[in-house]
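Below you'll find the structure, written out as structure tokens, and then a few comments.
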Amino acid sequence: DQQVKQNSPSLSVQEGRISILNCDYTNSMFDYFLWYKKYPAEGPTFLISISSIKDKNEDGRFTVFLNKSAKHLSLHIVPSQPGDSAVYFCAASGGGTYKYIFGTGTRLKVLA
Amino acid sequence: NAGVTQTPKFRVLKTGQSMTLLCAQDMNHEYMYWYRQDPGMGLRLIHYSVGEGTTAKGEVPDGYNVSRLKKQNFLLGLESAAPSQTSVYFCASSPGDRGYTEAFFGQGTRLTVV
């Protein structure tokens, strides 16, 4: 069973608008969450993370929101740029697990 | 500044053949991981290690073995390759801290089993 779920396989957004990518998790032991970005033929690269003691973390155009009661997190990209077009993975960690469990990914396409 | 390096980048195997994928990191990281990426399945954890000489099973360990004899290297072995093991394999490492920090990934190995 999938412990980390990204229910939207793909998303298209106009350049300059907001992109919102969603992620749900089932294991309440997870208390550290990460977003990775992946371009074709490259390895995933770390984007932003959030600890469960926070409900929001910002880094430039990227903001991650965490709703612990709903076991839901989202990544907001504002404004979206064509270079943001990639596959985005959310991952969960912490809680004594020592490992990262990834979701299935969302392919974002930013249209110029 | 190499980071995480995977060898080889591409490989074609015949069913039943064996091979070893090598992962090397130069960041003195404690933890290392092997993932596979398949269409629609995301990144699935095969095996991981939380220190030299230790290994543990991940989500999809069957058909794979691993070894971590040196801190900087993490080897993934396929003893008898099957077409179902056709995938892109990624190695990652992290400083440790029980998972409360980011992991760094290699560039991937594309493996085809025919």
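Residue numbers begin at 1 in each chain, while the letters A, B, ... track the order of the sequences. The basis for the numbers below is simple: all heavy atoms, side chains too, and nothing from hydrogens, waters or symmetry mates.
- Taking each heavy atom of A:Tyr32 and B:Glu102 in turn, the nearest pair found is OH-N, 4.4 Å.
- Taking CZ of B:Phe105 as the reference point, atom NZ of A:Lys38 lies at 10.5 Å (rounded to 0.5 Å).
- The structure places CZ of A:Phe102 at 5.0 Å from OH of B:Tyr35, a figure rounded to the nearest 0.5 Å.
- Only the backbone of A:Ala41 comes within contact range of chain B, with heavy atoms under 4.5 Å apart.
- With a 4.5 Å cut-off on non-hydrogen atoms, A:Phe89 touches chain B through its side chain but not through its backbone.
- For chain A, the nearby parts of B:Tyr100 are the backbone and the side chain; heavy atoms of each come within less than 4.5 Å.
- The two residues B:Thr101 and A:Leu34 come nearest to each other via the heavy atoms O-CD2, 4.0 Å.
- Annotation: maximal heavy-atom pairing with chain B below 4.5 Å, among A:Pro44, A:Gly43, A:Ser93, occurs at A:Pro44.
- No more than 12 heavy atoms of other residues, nucleotides or ligands sit less than 6.0 Å from atom CD of B:Glu79.
- Interface with chain A: from residues 36-55 of chain B, residues B:Gln37, B:Gly40, B:Met41, B:Gly42, B:Leu43, B:Leu45, B:Tyr48, B:Val50 qualify, criterion being any non-hydrogen pair under 4.5 Å.
- Remark: aromatic rings of B:Phe90 and A:Tyr100 are distant, center separation not under 6.0 Å.
- The number of heavy-atom neighbours closer than 6.0 Å to NZ of B:Lys71, taken from other residues, nucleotides and ligands shown, is above 12.
- With chain B as partner, the option from A:Pro9, A:Ala91, A:Gly94, A:Gly105 having the largest number of non-hydrogen pairs under 4.5 angstrom is A:Gly94.
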